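Step one of this worksheet: look at the structure below.
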Protein chains: 4
Amino acid sequence: MDKRKDTRIPVQKRGKDKKNRILLTAKKLFIEKNYFEVSTNEIAKQTGVSIGTLYSYFSSKDDILAELLNDYNNSFLPILKKINNQESFQAFKTDTKSWLSYLIDQLTDAEDKEFHLQIEMLSFVVPKVFDLRKRHNDQITDLIYEYFLYYANNTTVHEIRFLSIIVFDYISALVDELLYNKHSSSEKDDIKKYGINSIHTVIKTHLN
Amino acid sequence: MDKRKDTRIPVQKRGKDKKNRILLTAKKLFIEKNYFEVSTNEIAKQTGVSIGTLYSYFSSKDDILAELLNDYNNSFLPILKKINNQESFQAFKTDTKSWLSYLIDQLTDAEDKEFHLQIEMLSFVVPKVFDLRKRHNDQITDLIYEYFLYYANNTTVHEIRFLSIIVFDYISALVDELLYNKHSSSEKDDIKKYGINSIHTVIKTHLN
Amino acid sequence: MDKRKDTRIPVQKRGKDKKNRILLTAKKLFIEKNYFEVSTNEIAKQTGVSIGTLYSYFSSKDDILAELLNDYNNSFLPILKKINNQESFQAFKTDTKSWLSYLIDQLTDAEDKEFHLQIEMLSFVVPKVFDLRKRHNDQITDLIYEYFLYYANNTTVHEIRFLSIIVFDYISALVDELLYNKHSSSEKDDIKKYGINSIHTVIKTHLN
Amino acid sequence: MDKRKDTRIPVQKRGKDKKNRILLTAKKLFIEKNYFEVSTNEIAKQTGVSIGTLYSYFSSKDDILAELLNDYNNSFLPILKKINNQESFQAFKTDTKSWLSYLIDQLTDAEDKEFHLQIEMLSFVVPKVFDLRKRHNDQITDLIYEYFLYYANNTTVHEIRFLSIIVFDYISALVDELLYNKHSSSEKDDIKKYGINSIHTVIKTHLN
DNA sequence: AATGAATGAGACTTCATTCAT
DNA sequence: TATGAATGAAGTCTCATTCAT
């Protein structure tokens with residue numbers, strides 16, 4: 001017998017809308033304050049829905065977070081797909097700098113920049129969130145690894161592994177700097193340029 | 001014979017001890033669980049002190065955190081001092097790689113690695129903590145900036161500014177990778193070597 | 001060709017079916033869990049009926065219980081009838097032991113053994129249920145009384161009253177022991193035999 | 001590490017008083033309404049205590065029940081002790097009727113007659129309570145068994161087992177009749193007399 | 001100074017019942 | 001008639017904080 005508490009599975013449009021509205025409100029509030037300081041009652045009230053309704057769509061506050069994580073995951077997938085894409089790889093075979101630039105653009109353009117911060121926060125606290133983050137990062141690291149593998153000459157697989165870890169770290173650091181630190185638009189451009197150049201240098205030098 | 005049970009420790013000192021013990025317990029618990037999941041009553045009990053006593057030393061749970069942050073700040077100062085030290089600067093004037101290595105060692109050896117994670121987490125949540133973190137990072141960035149300023153030839157102040165931001169980001173990313181990701185000891189050595197080399201390359205190339 | 005999907009069952013009948021199905025499900029669930037741990041929504045869902053429909057047939061959860069009690073009552077009636085039956089009385093006039101055996105069999109074979117437990121439980125909680133139980137018990141006691149009345153020689157009406165109360169208690173105790181305590185089939189046979197013999201002894205001795 | 005939530009262990013008199021007052025109120029309310037229809041808030045309010053205080057003494061509503069059961073158990077123990085007592089056994093060796101009478105008196109005089117009903121009710125619902133009840137009943141049955149064992153002549157151990165089960169059932173039924181059904185005082189005396197006589201008859205006849 | 005019993009707002013969650021469609 | 005989304009009062013429990021001793 002199925003022990004899951006049966007949360008409403010919205011079939012009709014109205015129901016889906018309401019569920020989405022709850023999710024949206026929750027996300028908004030989680031971003032504004034933070035997961036721990038947002039109450040389910042508040043989410044319900046701000047959505048303009050009774051607490052009972054909220055709990056008919058979600059079995060718990062955790063469940064709301066889980067759905068949000070799921071959505072985040074799903075919104076991240078196309079970005080990964082784009083990057084992992086054969087075409088882009090082919091196109092960038094001979095032009096590492098463009099590949100790098102493209103990669104960084106994809107990561108920077110990822111939606112949910114603000115919710116991403118909540119995820120980062122929660123990854124310190126909620127194991128499930130930690131795993132999600134790790135999975136995402138590993139996927140990107142693997143992608144970089146594959147690209148390097150293709151280009152490597154006198155470099156061992158081991159070295160490439162380390163290099164891809166480090167390059168992923170640098171790329172992430174750069175993306176974070178661009179997304180979350182307050183810089184003017186022109187500063188951002190410069191930082192991005194410098195960042196890409198520097199990482200490119202690193203790759204060129206170590207992958208001779 | 002009048003044998004006083006105990007040599008009385010001056011009231012102030014005893015008070016300070018108690019306060020410190022509370023802070024220590026709080027920090028331990030914040031690390032073990034996390035700020036949100038630790039209660040003031042728990043801190044008091046684990047310290048072996050009544051909740052009333054705790055509240056005679058601290059006005060609120062937030063206040064405990066504030067003091068801890070303050071301590072963290074103070075423990076960070078000597079590290080900064082060491083790095084900013086004229087001597088080290090002089091010593092490393094001609095050897096950027098050694099300077100870099102030294103810088104990274106200092107940051108890696110910083111105490112409170114574990115509490116640092118709590119701070120990172122809370123910086124997403126508590127503005128005061130965010131500011132602290134930013135202040136620390138800015139100080140290190142400034143330090144790097146100063147070093148670069150000294151070496152720059154055909155580089156504008158502006159460019160140096162960006163470069164120091166980026167290099168700080170890379171250094172931080174490397175330190176985090178070394179401290180918080182699970183690598184074997186030999187892997188760590190390799191990653192560190194690669195990391196230092198790559199950052200060195202970046203500096204050399206962009207500061208020619 | 002105009003082929004109506006379904007021969008329409010007269011509305012009344014269909015309604016009755018649905019109502020019965022709800023009652024059946026409710027009873028099943030009340031037995032499986034217990035009255036307090038079963039929700040109306042659950043009953044509706046398990047019946048395959050909307051909660052709205054449920055509330056169109058029953059005005060409240062209590063009402064469902066009331067109907068179930070009513071049904072229980074009605075299903076108990078034939079049993080009483082059988083026992084009270086003139087024929088059986090006649091048949092057993094000269095054979096108290098057989099009469100006793102028959103009585104116990106009837107009570108043991110009563111349907112709804114499991115629901116009976118719910119009723120017993122609820123009789124501690126819901127006055128209405130308490131009354132129902134009392135009414136049933138009184139009816140059986142009366143029946144025993146009548147039988148004894150017939151046989152009494154040097155016994156006052158008063159004494160017969162008390163005796164029938166006590167004998168009813170013993171019979172009930174025996175039936176409960178047989179129905180609800182875990183005994184092997186052969187143990188049950190022995191207990192039943194002993195029980196009947198002992199009650200028979202009581203009657204014989206006190207009614208001589 | 002001890003995972004039990006630390007409920008207050010009252011050392012001082014005042015604390016013990018308060019805990020007892022909560023228990024007393026809870027018992028009163030459980031008797032008046034029933035366990036399921038009494039809320040912790042109500043218990044707290046009626047005790048004249050905040051809900052927080054209640055939860056500092058008890059970890060949950062279940063815990064309150066558990067303590068009450070424990071107390072019940074402990075109040076039952078002396079009764080058992082009295083019955084099991086060597087002296088009484090010796091004294092009643094030659095006088096089964098007196099032994100029976102004594103046994104029934106002890107059970108009838110058991111305190112907590114009203115709470116006993118709650119326990120009976122809950123034993124249908126809460127396994128823990130069911131077990132408690134069973135344990136009590138088994139102890140009394142064993143006691144009866146021992147007594148019979150002593151007296152048995154041409155009776156097998158097996159038969160004695162069954163007889164003691166049945167006699168226990170009859171005794172319980174009689175005690176319940178005396179305690180919970182509304183009879184006048186003189187009626188009670190008669191019922192008791194008849195009951196004892198009848199059970200005595202049973203024993204005599206079957207233990208010849 | 002220190003104690004710790006006491007507080008109560010507020011968090012999460014359930015469920016009998018209603019009502020627009 | 002039937003549906004099921006929606007309601008919200010009420011229940012259990014937590015925890016930062018206070019205050020009489």
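Every chain is numbered from 1 and lettered A, B, ... according to where its sequence line falls, protein lines coming before strand lines. Worth saying up front: this structure is predicted, and the values here are computed from it rather than measured.
Using modelled atom types, no side-chain atom of B:N70 and backbone atom of B:A66 make a donor-acceptor pair closer than 3.5 Å. Checking side-chain atoms of C:K18 against main-chain N and O of C:T47 turns up no donor-acceptor pair under 3.5 Å.
Taking atom NZ of C:K45 as the reference point, atom P of F:dA2 lies 19 Å away to the nearest angstrom. Atom CG in C:D62 sits about 8 Å away from atom P in E:dT17, given to the nearest Å. F:dC15 atom P lies 16 Å from atom CG of D:L54, rounded to whole Å. Rounded to an integer number of Å, the gap from A:I22 CD1 to F:dT7 C1' is 13 Å. Rounding to whole angstrom units, NZ of residue D:K33 and C1' of F:dA10 are separated by 12 Å. At whole-Å resolution of the value, CD1 in C:I43 and P in E:dC15 are 12 Å apart. Between the CD atom of B:E42 and the C1' atom of F:dA16 there is a distance of 13 Å, rounded to whole Å. Straight-line distance from the CG atom of D:L29 to the P atom of F:dT12: 12 Å, rounded to whole Å.
Position along DNA chain F of the nearest nucleotide to C:I51 versus B:T40 favours C:I51 as the more 5'-ward residue. Toward the 5′ end of DNA chain E lies the nearest nucleotide of B:T53, the other residue of the pair B:T53 and A:Y55 mapping further downstream. Mapping A:F36 and B:G52 onto DNA chain E by nearest heavy atom places B:G52 at the nucleotide closer to the 5' end.
With distances taken from any side-chain atom of B:Y57 to the nucleotides F:dT17, F:dC15, E:dA2, the minimum falls on E:dA2. Side-chain proximity of B:S50 to the nucleotides E:dA16, F:dG4, E:dT3 is greatest for E:dT3. Listed candidates were F:dA2, F:dA16, E:dT13. Nearest to the side chain of A:K61 is E:dT13. Among the nucleotides F:dT17, F:dA2, E:dT17, the one closest to the side chain of C:N41 is E:dT17.
With a cut-off of 3.5 Å on both pairing distances, the Watson-Crick or G-U wobble partner of E:dT21 is F:dA2. The nucleotide E:dT14 finds its pairing partner in F:dA9, both defining distances of the Watson-Crick or G-U wobble pair being shorter than 3.5 Å.
Under a 4.0 Å N-O distance rule, the pair C:D71/C:K27 does not qualify as a salt bridge.
Nucleotides E:dA1 and F:dT21 have their P atoms positioned 22 Å apart, rounded to a whole Å.
To the nearest 0.5 angstrom, B:D62 atom CG is 9.5 Å from B:L69 atom CG.
Residue contacts shown for C:S60 are limited to sugar-phosphate atoms, with no base heavy atom under 4.0 Å away.
Of the side-chain N and O atoms in B:K18, one or more sit less than 4.0 angstrom from OP1 or OP2 of E:dA2.
Crowding of C:K28 atom NZ: a count of heavy atoms from other residues, nucleotides or ligands under 6.0 Å exceeding 12.
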